[in-house]
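Predicted model only: the values in this text are computed from it and were never measured.
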Protein chains: 2
Amino acid sequence: MSSLSKDDRARAGILQADDSVFQRWGLTKTTMEDIAREAGKGKSTLYYYFKNKDEVLEALAHIQVARIAALAREETARKETAREQLIAYVYITFREIRRTMAPYDIEREMGSHRAVIDRVLAKFDAENEKAVESILRLGFQRGEFKSIGLRDIKATTRAIVAVIRSLTLNLFIDNQDKQLIDLIIALLSEGL
Amino acid sequence: MSSLSKDDRARAGILQADDSVFQRWGLTKTTMEDIAREAGKGKSTLYYYFKNKDEVLEALAHIQVARIAALAREETARKETAREQLIAYVYITFREIRRTMAPYDIEREMGSHRAVIDRVLAKFDAENEKAVESILRLGFQRGEFKSIGLRDIKATTRAIVAVIRSLTLNLFIDNQDKQLIDLIIALLSEGL
DNA sequence: GACTGGACCAAATTCGTATTTTGGTCGGAC
DNA sequence: GTCCGACCAAAATACGAATTTGGTCCAGTC
């Protein structure tokens, strides 16, 4: 337990250094030596804890996804109705994605780190699915959502998650204005 | 009138050659010489009709957008209710975008032709806005759409168009399965 | 065992330079 | 009006040499 916690602390220190240098130079341009230097460690130490550069990238991104998910969950827990919860979840998720990603230029890095980005997006989808499905179940049990049956919860979850993913990818390429996101959330919630 | 029609015919012949070679080699790799050869003309002839390579690209893309819009409009006209019209419009639009874009690798070409792609997307948005707004107005007048007021038609149009744009961009990057598109359309229509 | 410097290496990248290609212009022919 | 072909500067490509990078591994220290 003690050695595991020390292990985690070492990894965390490295990942903190990662975030700093990746924001400065981008994912591709940053070398393992850069990261080691920033973390005040030797390059061998990085390889002691992480298999390769991609694994460093991915570990950092997963931490960020988990952080955003936790934050959105907290905010959701503060709302009364399932509808409010869904709106809060989506809204906070976007706010945090936008903030977290602001210093990066993902579009530019897409070419060289596609596999990692795909895996991170998959984890992001998984988090969103868990949360959205749970909210939809709550709404269904309470009779808040009239349009969906119990059998449709999974399908509806998939649709909402796909829209979130879609809009998230667009943050990397295109500039979606915040007001539009609000409108889309309202539309998903209320329909026509 | 006769010289205009002849002009259009010449342009159309060039654009047809364009489509062929662009699909074969991609937008960037295709040279003006390639296009001229395929069209059975001299390079100067291209410059007689088009200002530069980007204008050729854009002319072709605009024709395709117009074609898709016309097709979606036809299909829409066959439906009775505004809701059905909206569903048909979005569905056909996606089907045709997917077909038209299948031979191209837009993600790869994004870097060198960003400005053109942005202008084409703007035209695509404009077409969608026109059509969606008109459908929403119809639905409002008929009392089909309960959730939106007259003042909200423009806002709701913007939201729907943004989702269409978002999902369209994702066709270039990510693979959205067809069933998901259906789910999303249903959700936009029915809400939760 | 945890940590790490440093030697090492193949692959990847960078760099400078020469060469070729390309987008675009324009004169002139039909 | 239509369009070929000569021409040109800029852009792109090719190529070889040099450098850097991700990753491996050994041995040493605490």
Which of the following nucleotides, D/dG22, D/dT2, C/dG23, is nearest to the side chain of B/Y48?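 Output: D/dT2.
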
Which of the following nucleotides, D/dT24, C/dT14, C/dG6, is nearest to the side chain of A/Y47?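 When the side chain of A/Y47 is considered, D/dT24 is the closest of D/dT24, C/dT14, C/dG6.
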
Can you check the [X] [atom1] to [N] [atom2] distance for me, whole Å?
X: B/L46; N: C/dT25; atom1: CG; atom2: P; answer: 13 Å
X: A/I14; N: C/dT4; atom1: CD1; atom2: C1'; answer: 11 Å
X: B/K41; N: C/dG23; atom1: NZ; atom2: C1'; answer: 20 Å
X: A/H113; N: D/dG22; atom1: NE2; atom2: C1'; answer: 12 Å
X: B/D34; N: C/dT22; atom1: CG; atom2: P; answer: 7 Å
X: A/E33; N: D/dG22; atom1: CD; atom2: C1'; answer: 10 Å
X: B/R37; N: D/dC3; atom1: CZ; atom2: C1'; answer: 17 Å
X: B/Y49; N: C/dG24; atom1: OH; atom2: P; answer: 18 Å

Do B/S20 and B/E38 get their side chains close enough for a donor-acceptor pair, meaning under 3.5 Å?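 Side chains of B/S20 and B/E38: pair found under 3.5 Å.
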
Report yes or no: is there a donor-acceptor pair, N or O only, under 3.5 Å between the side chain of A/S44 and the base of D/dC25?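 Yes, the side chain and the base share a sub-3.5 Å donor-acceptor pair.
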
Touch class at under 4.0 angstrom, heavy-atom based, for B/T31 against every strand present: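 It contacts sugar-phosphate atoms only.
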
Please enumerate all residues that pass salt bridge (charged side-chain N to carboxylate O under 4.0 Å, His left out) together with B/D54, with sequence neighbours excluded.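 If we apply the salt bridge (charged side-chain N to carboxylate O under 4.0 Å, His left out) test to B/D54, skipping adjacent residues, there are no hits.
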
Using heavy atoms to find the nearest nucleotide of DNA chain D for B/K43 and A/T30 separately, return the residue whose nucleotide is more 5′.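 Here B/K43 is the residue nearer the 5' end.
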
Can you tell me how far the CD atom of A/Q16 sits from the CD1 atom of A/I63, to the nearest 0.5 Å?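 Going from CD on A/Q16 over to CD1 on A/I63, the span is 10.0 Å.
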
Rounded to the nearest 0.5 Å, what separation is found between the OG1 atom of B/T76 and the CD atom of B/E84?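 The distance works out to 11.0 Å.
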
Counting only pairs under 3.5 Å, give me each side-chain donor-acceptor contact of residues 86-94 of chain B, with atom names and distances, residues two or more places apart or in other chains.
| from | atom 1 | to | atom 2 | distance (Å) |
| --- | --- | --- | --- | --- |
| B/Y89 | OH | B/N128 | OD1 | 2.7 |
| B/Y91 | OH | B/K178 | NZ | 3.3 |
| B/T93 | OG1 | B/Y89 | O | 2.7 |

Can a side chain N or O of B/K29 be found less than 4.0 Å away from OP1 or OP2 on D/dT13?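 Answer is yes, contact under 4.0 Å.
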
